[in-house]
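Start at 1 and go down the list; that is how both ligands and their atoms are numbered. As the structure is a prediction and not an experimental result, all values here were calculated from the model.
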Amino acid sequence: MTLLTALRGDLSNQKADLIIHFQFEGESAPSTVSHPSLRSALASVLKLDGFEGKSDAAVLWHSNGKHPASRYLVMGLGEGRKLSRETLWRACAAAGFRATTLKARTTGMALSTGNWHLSPEDAAEIAAGGFLHGCYRFDKYLSSPSRGAEPSELVLGMGRTDPAKIRQPLEEVRVVDRVVRLARDLVSEHPGHLHPVRMSEVATSEAKKAGVKCRVMEEAELERLGMGGMLGVSRGSEHPAVMIHLHHPPRPASRKKPRIVLVGKGVTFDTGGISLKQPDGMEAMKADMSGAAAVLATLLALPGLKVEMEVHGLLMMVENMPDGRAIRPGDILRIFNGKTVEIKSTDAEGRLILADGLSWACKTIRPDYLVDLATLTGACMVALGPGCTGVMGNNDAFVKKVLEAAGDAAERMWQLPLLPEYREHIQSDVADVKNSGIRYGGAITAGLFLQEFVKPSVAWAHLDIAGPAFFESGYGYAPKGATGHGVRTLLRLIRALA
Ligand code: BES
Ligand code: MN
Ligand code: ZN
């Protein structure tokens, strides 16, 4: 675990294995390098390397014992006027990734918040959070983990800012990083191990440690409640379905504060069922429980962040397998709220389990706000690419809050419209609705399907995280694999509503 600390000053005299500085376009050396000999040495190296401070560019320099730190890493931040949280986050995650690959033990990062249009607290939070995010590796199954070692220490040079002001933000970074790691570990875990019941064991023990209430609803109870979506999807699997209900705080701190429910898609493996998927890349479908992992992680962070609002998390856990008992195209299922669904494709399973979760939440918890997170459609990835979440909802003001939270958290999200005229794409001849429409606008018809199961008076947002939950190829700063996407946005959102 990397120790986080903050110091006054620019780290000129800091001994370390690696010190990170940032540079904008148009600068000859980072503004945080004040020591004259280091500054001129760095400036000439940067010039030789043709480094112009562009975002995503970086230069690593070995000082050969002539300066306090053995290595210096300069990260470009692009145009100073345009510095966004996203750019800073990316640069810091790339730096953490690099530091880990280099096996640097002691590291430092010089922040110059004077010209960053960010408060020192926000800058420190993004810098340290991004750095730790970049350090993460999933290597528990490697006999010899060769992809680096996480630094033991990161010191933030805070310039003229009193380091005491940074203590609280750094503690929060620690809490958030811990749960995001858990989400990433769960998503990366192999699907033979992480089936629905295993997820309920993890949730139960983690919730107990964190002080979050957790109740596991097993198949007999789901049957009694009439959760036809959950039971239908899991029919072809050896592993029973479970719905996990997390609750913070166990007793509402204030009755007047709004109540929010988060629902996560938890398909521990999605073969497509009888509508079997193409084999190519199917292993990535172990990540089809990323929504549930993000919801679990979010709930676990709430006590540590001292959030006082009442928050519920519902993890809808199933495995989607083909089998003699599996549901077929043409079958009709009845969802918790009584609506019937004609199955067009057993591969459009996520919306079936979410339908049970959303309608159960509206009826029994009666929330003010309702958010679902789901790796729901390939169509959303076609629309927005692999790095961006599609946000839909029944209340534009609430969708706007979600997008603001995402911007603050440096997570990419973009709104897609729930065009009412597309509802006819999912009109069934034999049931109230069918679970798949035409190819075009597939992310939107999935959203319209879910809307059928949300009470109109509840402000609801649907986050299709199919792309950013899991990278099938790496993005500079982010290695291949699970990202924990959504957790930081949800935590920002909850704290904005509380
Ligand atoms: N889990 C998939 C969506 C997905 C695809 C997530 C790629 C991440 C990466 C989902 O259950 C699914 O199979 N959706 C279908 C829906 C279709 C049958 C209407 C899809 O997107 O093809
Ligand atoms: Mn599917
Ligand atoms: Zn799926």
Side-chain angles (χ1 to χ4, degrees), residues 187-188 191 194 196 229-230 232-237 241 263-294 315-322 326-331 333 341-357 372-390 392 416 422 425-428 433-450 462-473 480-483 485-486:
V187 172
S188 302
L194 194 89
M230 287 288 281
V233 173
S234 90
R235 275 253 301 277
S237 171
V263 184
K265 171 176 172 180
V267 179
T268 59
F269 194 69
D270 182 12
T271 64
I274 296 300
S275 313
L276 195 62
K277 286 184 181 293
Q278 294 294 324
D280 216 37
M282 202 199 276
E283 66 279 1
M285 284 301 119
K286 70 176 182 180
D288 213 19
M289 36 58 75
S290 296
L315 318 184
M316 312 304 290
M317 307 305 305
V318 295
E319 186 185 46
N320 188 20
M321 297 291 263
I327 53 166
R328 356 166 151 58
D331 279 354
L333 302 179
V341 182
E342 178 194 2
I343 304 303
K344 284 288 289 180
S345 166
T346 64
D347 197 11
E349 84 296 341
R351 62 198 76 185
L352 301 170
I353 63 175
L354 290 171
D356 276 333
D372 72 77
L373 263 85
T375 46
L376 204 60
T377 66
C380 193
M381 297 175 72
V382 174
L384 296 173
C388 185
T389 280
M392 289 148 262
L416 298 175
Y422 291 0
H425 296 161
I426 49 170
Q427 189 51 54
S428 164
V433 63
K434 62 185 180 186
N435 76 335
S436 135
I438 60 169
R439 195 152 64 88
Y440 302 113
I444 294 172
T445 42
L448 286 167
F449 179 94
L450 296 179
H462 158 55
L463 276 54
D464 191 332
I465 59 171
F470 190 85
F471 288 146
E472 290 190 51
S473 56
K480 285 186 197 182
T483 59
H485 179 90

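Near-neighbour remark for the Zn ion (ligand 3): protein N, O or S atoms under 2.8 Å are Lys265 NZ, Asp270 OD2, Asp288 OD2, Glu349 OE2; waters not counted.
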Evaluation steps, side-chain contact (heavy atoms from CB on, under 4.5 Å), between Phe449 and Leu352: CA-CA 9 Å; Phe449 179 94; Leu352 301 170; 4.1 Å; yes

Steps toward side-chain contact (heavy atoms from CB on, under 4.5 Å) verdict (Thr389, Leu384): CA-CA 7 Å; Thr389 280; Leu384 296 173; over 6 Å; no

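For ligand 1, the atoms closer than 4.0 angstrom to any heavy atom of Ala466 are 6 (C), 8 (C). Each of the atoms 7 (C), 9 (C) of ligand 1 lies under 4.0 Å from some heavy atom of Met381. Interface atoms of ligand 1 facing Lys265, defined by a heavy-atom separation under 4.0 Å, are 1 (N), 10 (C), 11 (O). Shown in contact with Thr375 at under 4.0 Å from a heavy atom are these atoms of ligand 1, numbered in order with element: 1 (N), 2 (C), 3 (C), 6 (C).
Contact annotation: Gly442 has no heavy atom less than 4.0 Å from any atom of ligand 1. Assignment of Glu472 to the shell around ligand 1 is not supported, since no heavy atom sits closer than 4.0 Å.
Backbone and side-chain nitrogen or oxygen atoms of Ser436 are examined, and none is located within less than 3.5 angstrom of a nitrogen or oxygen of ligand 1. At least one N or O atom of Glu349 sits closer than 3.5 Å to an N or O atom of ligand 1. For Lys277, a nitrogen or oxygen atom sits less than 3.5 Å from a nitrogen or oxygen atom of ligand 1, counting backbone and side chain alike.
From the protein, the heavy atom lying nearest to atom 14 (N) of ligand 1 is Leu376 O, 3.4 Å. In terms of protein heavy-atom proximity, atom 21 (O) of ligand 1 is nearest to Gly378 N, 2.7 Å. At the top of the distance list for atom 16 (C) of ligand 1, counting protein heavy atoms only, stands Arg351 NH2, 3.8 Å. Protein heavy atom nearest atom 18 (C) of ligand 1, with residue, atom name and distance: Ser345 OG, 3.5 Å.
Of the candidates Lys434, Arg439, His425, His425 is the only one forming a side chain to side chain contact (heavy atoms under 4.5 Å, CB included) with Thr445. Screening Met289, Met317, Glu349, Met285 against Val267 for a side chain to side chain contact (heavy atoms under 4.5 Å, CB included) leaves a single residue, Glu349.
Of all protein N, O or S atoms, those under 2.8 Å from the Mn ion (ligand 2) number 4.
Across every non-hydrogen atom of Lys265 and Ala374, the tightest pair is CB-CB, 3.6 Å.
If you look at Asp347 next to ligand 1, the close heavy atoms, those under 4.0 Å, come from the backbone and the side chain alike. When heavy-atom distances to ligand 1 are checked against a 4.0 Å cut-off, Lys344 has no atom that comes that close, whether in backbone or side chain.
A 4.5 Å side-chain heavy-atom check between Ile327 and Ile274 finds every atom pair outside the cut-off.
When Met285, Met282, Met289 are ranked by how near their heavy atoms come to atom 4 (C) of ligand 1, first place goes to Met285.
Under the 4.0 angstrom criterion, atom 1 (N) of ligand 1 counts as having a protein heavy-atom contact.
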